[in-house]
Amino acid sequence: MDESPGDEHVAFKQWAESQGVLIKGITPARFPGRRLGMVATRAIKENEIILSVPVAVMLTIDSIPSSFVRSFPAGTSIHGILAAFLTQGNSDLLSKWDTWRRVWPSWQEFEDSMPVFWPEQLRVSNSEFQKTRDGGGSSPVLLPPSISGRWNSLKKRQLKVNYEMRYQDLLRQQEKRLKDAWAHVITAYPETDWENFAHHWSIINSRSFYYISPGKEEPEDWNDAIAMVPFADYFNHADDAACDVKFDGRKYTFMATKSYEKGEEVYMSYGSHSNDFLLVEYGFCLDENPSDGIFLDDIILKALTMEEKKELAAQECFGNYEITSAGPNANTTLVACLKYMRREDWLNYVSGKSQRGFDARKTTALICAWVDVYLEESRASIGIIQDQYNAASSDSEKSIREKMDVALSRWKQIQEICENAVRVMRV
Ligand SMILES: C[S@@+](CC[C@H](N)C(=O)[O-])C[C@H]1O[C@@H](n2cnc3c(N)ncnc32)[C@H](O)[C@@H]1O
């Protein structure tokens, strides 16, 4: 850990304190592979408040003049408006946050770390924008199915059913949010520069906090429930972070939920997210992530009849068939049981009334066969990435190789999840 994060960070901390931000026992510091993070400057006690940020210093939708907000078409997300304000807003109003803005990551850092900005051949996915260009899916895919929505070794069947897949098809979902925001913003400000806007959109995407304006209802979409919280955006993510985050309408407060030693990094949790999600939204994967998992939906749904799909939907266990290192989730076990149990036994099993007809060996065999398909995909994808890596040998292609390394190490993590899950099921 480098002790001095740089003058701009020192100046920003001073500015934050002058604005009423209370900083107790923590300071920004550099950490290899994580850029800046928060370090304990002394021993911190459990239940100690380490940071408090008043709403007056935050950048929220209420900080923006209503005339600016009204210039966007109906349906523009708060995420989009905040990004547009940072790009096109009144410079006198924005000057309040200048010292803060100087410590944010550069556009280059987002271009390097976020798959949505990677060169086209590296981010092949079933995004609406790509489908038309590559004829709907003939290019080799480097990113895993939860991110890309595509497979190299499996022919995916077009599903006619819509269901909520928060952790699948991630790139398509993210690209849609970004492109929708962009379309709305250029309606109001046609001269907006794409790169500048995309930079601010990414800053907000990776550094915002949950916020709803006073008196407003909770929106359906989290893109409408966000604000920027100065200084708090130095916290890096850990799945099991010992830091309690609260907003009481007047201030954001951060409390240590364990004791820390001087020099220890203090993390917060951005939520229980898989590494595929973290990679897409924040541009990194964790080495240790209890919330990591993969989804077998494309494999399992192909093997189901329409009757079976209806049965699963009726019992609210359709889709999101997740495997973690600890084994399958409940939906995955239930869909496996549906494949061999008598209907009446299955319904009783789903409702928890009886175990009659349940056969652990058959369930395990079915799920392991589905996991094998994922393992086959991992071998095919790793082979493709390695071939492309060897072909990209010139110095100018160093940044391509770095991104391929990210994809490779993610695939290796996925193999580990599959192998651990199989081991757990077979015990
Ligand atoms: C809210 S910011 C945290 C501060 C940031 N590291 C910085 O230098 O300003 C979120 C970004 O930090 C990085 N990050 C957060 N947690 C991380 C982790 N555990 N490992 C690696 N990078 C992480 C990612 O680039 C992410 O998009």
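The shown structure was predicted, so the numbers you read here are calculated from the model rather than taken from an experiment. Side chains included, hydrogens not; waters and symmetry mates left out as well; all remaining heavy atoms used. First listed ligand is number 1; within each ligand, the first listed atom is number 1.
Every residue meeting the side chain to side chain donor-acceptor pair (under 3.5 Å) condition with H273, not counting sequence neighbours, appears here in chain and number order: Y167.
For the pairing with Y211, the side chain to side chain contact (heavy atoms under 4.5 Å, CB included) check across D224, D62, V229 returns one residue only, D62.
For residues 363-394, the set of pairs meeting the ring pair (Phe, Tyr, Trp, His ring centres under 6.0 Å) definition, not counting sequence neighbours, comprises W151-Y374. A salt bridge (charged side-chain N to carboxylate O under 4.0 Å, His left out) check over residues 5-23, counting only residues at least two apart or in different chains, returns nothing.
Side chains of R35 and N236: no donor on one and acceptor on the other come within 3.5 Å.
Residues of the protein with a heavy atom under 4.0 Å from ligand 1 are G33, R34, R35, L36, S206, R207, D233, Y234, F235, N236, H237, Y270, Y282, F284, L286, listed by chain and number.
Proximity of V266 to V39: side-chain heavy atoms (C-beta onward) are nowhere separated by under 4.5 Å.
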